[in-house]
Protein chains: 2
Amino acid sequence: MQDALLHHINKFTPLTEDEEDIVLACTSVQQLKKKEFLLKKGQVCTTYNFIAGGCLRCFSTDDEDNETILQFAIENWWMIDYSSFNTRKPTHLNIQAVENTVVIKIHYDVLETLLEKVPKLERYFRIIAQRALDASHRRIEYVYTRSGEERYRYFSKSFPQFVQRIPQYMLASYLGFTPEFLSKIRAKKI
Amino acid sequence: MQDALLHHINKFTPLTEDEEDIVLACTSVQQLKKKEFLLKKGQVCTTYNFIAGGCLRCFSTDDEDNETILQFAIENWWMIDYSSFNTRKPTHLNIQAVENTVVIKIHYDVLETLLEKVPKLERYFRIIAQRALDASHRRIEYVYTRSGEERYRYFSKSFPQFVQRIPQYMLASYLGFTPEFLSKIRAKKI
DNA sequence: TTCTTTTCTTAAACCAGTTCAATTTTTTGG
DNA sequence: CCAAAAAATTGAACTGGTTTAAGAAAAGAA
């Protein structure tokens, strides 16, 4: 079951069999049903989470429980609230399964030991974080320089298969506008 | 001159003297005058850039040369276009000095060797990237959940000394609205 | 299948923020 | 110190996107 993770790590920093075994010993698998939560506002994020299959969303809520989707994560992506993880303080974010999802987790209590035993993983997580940072910067640029309609057209052209997997109101939230506005765009012409 | 960098690294991953020497041997210092460019659209980003003093801004431009500021970096921050750096392809971004600035650079050609000689730096850059990623995620959340006025008030309350250092039109661009709108907000009441 | 919940659509009124253009203030360089 | 450039302000007209509310369609559960 953890093969997906090992495979992903090996793409960036090839591991020996021993190292793979250590990684396996430090991970656990969790199956989430659609709509189940991996993390809820008020809890501490105690794990690094790798998505082996399925889809998660990370969202914040305001006083009136309006949701703002900050991230999606699908197969081979990590979803971590670094702030809560590092400070050990309760998060203000929620992480929920958009569909049935398999998550491979590394717990806070074993992460530092794991990094000592398999120092190569420092490199792996560096590369992962740098890639995610680049993606995050691109997203900021896109939000700042393009209209809602442009963002929608670009996203659905770039990730048509993903758009099929999620409800439109979630896509609207992720793209930074209302579901009603998304309907308007779509009504114009597909 | 590179003391600022060594000091910063040591905060996260203490180095031996030998390791410090290796780092020094792999870095170079560049002094930038206000408005001078560190990177221009069309060039390849060939260095990791650490700001020892001063301030840089990273911005993109559209067809009509309108600028959108994506990031600022001040003392003890890194400013890197990971995408261009890793792919070795020309960037679409610009990095320019907002004031006279001292940059400590690690060139692409020496980075991998440096990381091999001082593997601790993998950890250092991992932590740096994860922190920057967290900051980037927070920024997205802020843009999505707060109005322009809220963003301005929050930012100038949180970083009053920084607000003094930059022209208001740059702050407006960074916060995601026009200079005219910033004037309006300020006219209401400081 | 039928009932219930969730998701999507439509339309009118509205508003946060933009655009454009003119003017004033501040900063910079020689 | 002055001239020129850069930055900030103001106001009127405008627009991309929101809000509210109601109804239609699709998906789930039993």
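In what follows, every chain begins at residue 1, and chains take the letters A, B, ... in the order their sequences are listed.
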Inset, instruction - For each nucleotide in nucleotides 16-25 of chain D, reading 5' to 3', give B when a protein heavy atom comes within less than 4.0 Å of its base, S when such contact involves only the sugar-phosphate, and - otherwise. - result: -SBBBB----

Inset, instruction - Using only heavy-atom distances, determine whether the side chains of A:Ser136 and B:Ser136 contain a donor-acceptor pair under 3.5 Å. - result: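 Indeed, the side chains of A:Ser136 and B:Ser136 share at least one donor-acceptor pair under 3.5 Å.
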
Inset, instruction - Taking side-chain hydrogen bond (donor to acceptor under 3.5 Å, both in side chains) as the test, write out the residues that go with A:Asn100, two or more places apart. - result: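 Listed in chain order: nothing, the list is empty.
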
Legend entry - Residue-phosphate contact under 4.0 Å: B:Arg186 side-chain N/O, D:dA8 OP1/OP2: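 No, because none of the side-chain N or O atoms of B:Arg186 sits under 4.0 Å from OP1 or OP2 of D:dA8.
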
Only pairs under 3.5 Å count here: list side-chain donor-acceptor contacts from residues 49-61 of chain A, not counting sequence neighbours, and write none if there are none.
{"from": "A:Asn49", "atom 1": "OD1", "to": "A:Thr47", "atom 2": "OG1", "distance (Å)": "2.6"}
{"from": "A:Asn49", "atom 1": "ND2", "to": "A:Thr47", "atom 2": "O", "distance (Å)": "3.4"}
{"from": "A:Asn49", "atom 1": "ND2", "to": "A:Met79", "atom 2": "O", "distance (Å)": "3.0"}
{"from": "A:Arg57", "atom 1": "NE", "to": "A:Gln96", "atom 2": "OE1", "distance (Å)": "3.0"}
{"from": "A:Arg57", "atom 1": "NH1", "to": "A:Glu67", "atom 2": "OE1", "distance (Å)": "2.8"}
{"from": "A:Arg57", "atom 1": "NH2", "to": "A:Glu67", "atom 2": "OE1", "distance (Å)": "3.1"}
{"from": "A:Arg57", "atom 1": "NH2", "to": "A:Gln96", "atom 2": "OE1", "distance (Å)": "2.6"}
{"from": "A:Ser60", "atom 1": "OG", "to": "B:Glu141", "atom 2": "OE2", "distance (Å)": "3.4"}
{"from": "A:Thr61", "atom 1": "OG1", "to": "A:Lys41", "atom 2": "NZ", "distance (Å)": "3.4"}

Inset, instruction - Hey, could you give me each pair passing salt bridge (charged side-chain N to carboxylate O under 4.0 Å, His left out) that has a residue in residues 130-139 of chain B? Not counting sequence neighbours. - result: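 The answer is B:Asp134-B:Arg138.
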
Legend entry - Neighbour count >12 (heavy atoms, 6.0 Å) for atom CD, B:Glu17: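 No - once you tally the heavy atoms of other residues, nucleotides and ligands closer than 6.0 Å, there are 12 at most.
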
Legend entry - B:His7, NE2 atom: more than 12 neighbouring heavy atoms under 6.0 Å: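 At most 12 heavy atoms, drawn from other residues, nucleotides or ligands, come within 6.0 Å of this atom.
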
Legend entry - Nucleotide range of DNA chain C lying under 4.0 Å from chain B heavy atoms: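 Boundary nucleotides touching chain B, in 5' to 3' order, are C:dG17 to C:dT28.
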
Legend entry - Charged tip of B:Lys40 within 45° of B:Phe37 ring normal and under 6.0 Å: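 Yes, B:Lys40 sits over the ring of B:Phe37.
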
Inset, instruction - For residues B:Phe72 and B:Phe162, establish whether the separation of their ring centroids is below 6.0 Å. - result: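 B:Phe72 vs B:Phe162: aromatic centres under 6.0 Å.
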
Legend entry - Between B:Trp78 and B:Phe125, ring centroids under 6.0 Å: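 Distance test on ring centres: under 6.0 Å, yes.
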
Legend entry - Sub-4.0 Å heavy-atom contacts from residues 161-169 of chain B onto DNA chain D, ordered by number: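 Contacts with DNA chain D under 4.0 Å: B:Pro167, B:Gln168, B:Tyr169.
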
Inset, instruction - Figure out the NZ/C1' separation between A:Lys35 and D:dA29, and round it to whole Å. - result: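 Value for this atom pair: 12 Å.
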
Legend entry - Check against side chain to side chain donor-acceptor pair (under 3.5 Å), B:Asn10 and B:Glu20: CA-CA 9 Å; B:Asn10 277 310; B:Glu20 289 193 350; 2.9 Å; yes

